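Heads up: the structure comes next, in structure tokens.
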Amino acid sequence: MLQNTGRLAGCTLFITGASRGIGKAIALKAARDGANIIIAAKTAEPHPKLPGTIYTAAQEVEQAGGKALACVVDIRNEQQVGEAVQKAVEKFGGIDILVNNASAISLTGTLETPMKKVDLMLGINLRGTYMTSKLVIPHLLKSRSPHILNLAPPLNLNPIWFKNHTAYTMAKYGMSMCVLGMAEEFRGQIAVNGLWPKTAIQSAAMDMLGGEGVDKQCRKADIMADAAYAILSRPKDFTGHFLVDEDVLRHEGIRDFDQYAVQPGHPLLPDFFLDEAPEMLVQQMEQHGATPAFKTPSSTPAMPSSSSPVESTFDVIRTVLNEDVVNSTQGIYQFNLSGDHGGVWFLDLKSGSGSTGQGQPASTPDVVMTMDSNDFSKMFSGKLKPTLAFMSGKLRIKGDMTLAIKLEKLMNRMNKAKL
């Protein structure tokens, strides 16, 4: 871990979305220096599925050696942001650092993304970042070491990062454009930079998106906290950079990155928006003797012979269907397959003991998955991780994303049945 140097002692940090995850990890890192932390987030009451509130985070900050101010803030609400900024100035005498961490995500296509979701992502990611920056900047201009740090990716215009989730990419890149524009606008006055993880970071959102078992392919939020600490410790002329956590820490002399892994030694899942494509990461891992979590060993038993790999896959699916699977899933799936063994298939996990077959389901499907038939067989046999297939554009999903994630549990059952 990167050692604290005391560089942020007495500094006041305004951190959005700091009640949990990366935001809280950055808060605790700064608190160990004796910094003042404004925890600006929405969660005032315990959430049934998500850990922590602004008040529990504030307690942790003070236990770590810092001072805390918990503010209930929806960063889409200008009045709430403005009041939190004013409270921060009154309590601590000013603001030195702004960390724009709060973000919303929905990895859905254009036709599947309700405008309410579009408004949410644009409102939090883009407008919220811009507005919070606008309201905090007058105070940063009075600081001796002012910084804005946005948790935002480099502006990678490769279409692969747009085609499956245009609205999310637009919203997230809005945070990146704030870095690009404000760094130039306030050059010499305020350092403005972006920070993004090289790999997936363990969080409640990642658990939702990646499904069961994804955590072992992640790093802990501590790596982002250490990288943020290194950036915020630099002078204000260090500005306009889009930085990746691992690169920042290598520059600081860190060489042991296993210490940040949820499961040390386990291959890691690459994050979105970086140039290194998921397929390339697999190749690099294999060259170094690793077996990526999203690809099974070559010793995995082959599927039983049938007239086609797709039919073989559905033969094995039938062997693991039962009422428990149906009761825990409650969804109808349609698979539109292209390539060598193309066709339309269905999987009904909504009634009886479940059923499957060729053609469209009798009822409207809850989830429609479109992909190449060979990739379909690989995915159900465990040779292609669904998360990787989705991230790399091999799998397109329309409909209920929660039900799509549930399907991965069925795949795990099939792997145990030695598909």
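No experiment lies behind these values; they were computed from the predicted model shown.
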Checklist line | Stepwise side-chain contact (heavy atoms from CB on, under 4.5 Å) test for Leu120 and Asn125 | finding: CA-CA 8 Å; Leu120 177 71; Asn125 303 5; over 6 Å; no
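- In this structure, Lys220 forms no cation-pi arrangement with Tyr260, as its terminal cationic atom is not both closer than 6.0 Å to the ring centre and no more than 45° off the ring axis.
- Aromatic pair Phe242/Trp196: centroids not less than 6.0 angstrom apart.
- Atom CZ of Arg144 is surrounded by 12 or fewer heavy atoms from other residues, nucleotides or ligands within 6.0 Å.
- The ring of Phe314 has its center no closer than 6.0 angstrom to the ring center of Phe346.
- Judged purely by distance below 3.5 Å, without hydrogens or angles, the side chains of Gln334 and Asn336 pair a donor atom with an acceptor atom.
- The salt bridge (charged side-chain N to carboxylate O under 4.0 Å, His left out) check on Asp400 picks up nothing, with sequence neighbours excluded.
- Surrounding CZ of Arg32 are more than 12 heavy atoms belonging to other residues, nucleotides or ligands, all under 6.0 Å away.
- A ring-ring contact (aromatic ring centres under 6.0 Å, His included) with Tyr173 holds for exactly one of Tyr168, Phe162, Trp161; it is Phe162.
- Taking the ring axis of Tyr130 as reference, the NZ or CZ atom of Arg127 does not stay both within 45° of it and closer than 6.0 Å to the ring centre.
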Next item on the list: Report the C-alpha separation of Leu321 and Val326 in whole Å, then their side-chain angles, then the decisive distance to 0.1 Å, and conclude whether the side-chain contact (heavy atoms from CB on, under 4.5 Å) test is met.
Entry: CA-CA 8 Å; Leu321 295 184; Val326 171; over 6 Å; no
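- There is no side-chain donor-acceptor pair under 3.5 Å between Ser355 and Arg318.
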Check: Step by step, would you call Asn100 with Thr129 a side-chain hydrogen bond (donor to acceptor under 3.5 Å, both in side chains)?
Finding: CA-CA 6 Å; Asn100 285 308; Thr129 295; 4.6 Å; no
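- Aromatic rings from His147 and Phe238 are positioned such that their centres are separated by 6.0 Å or more.
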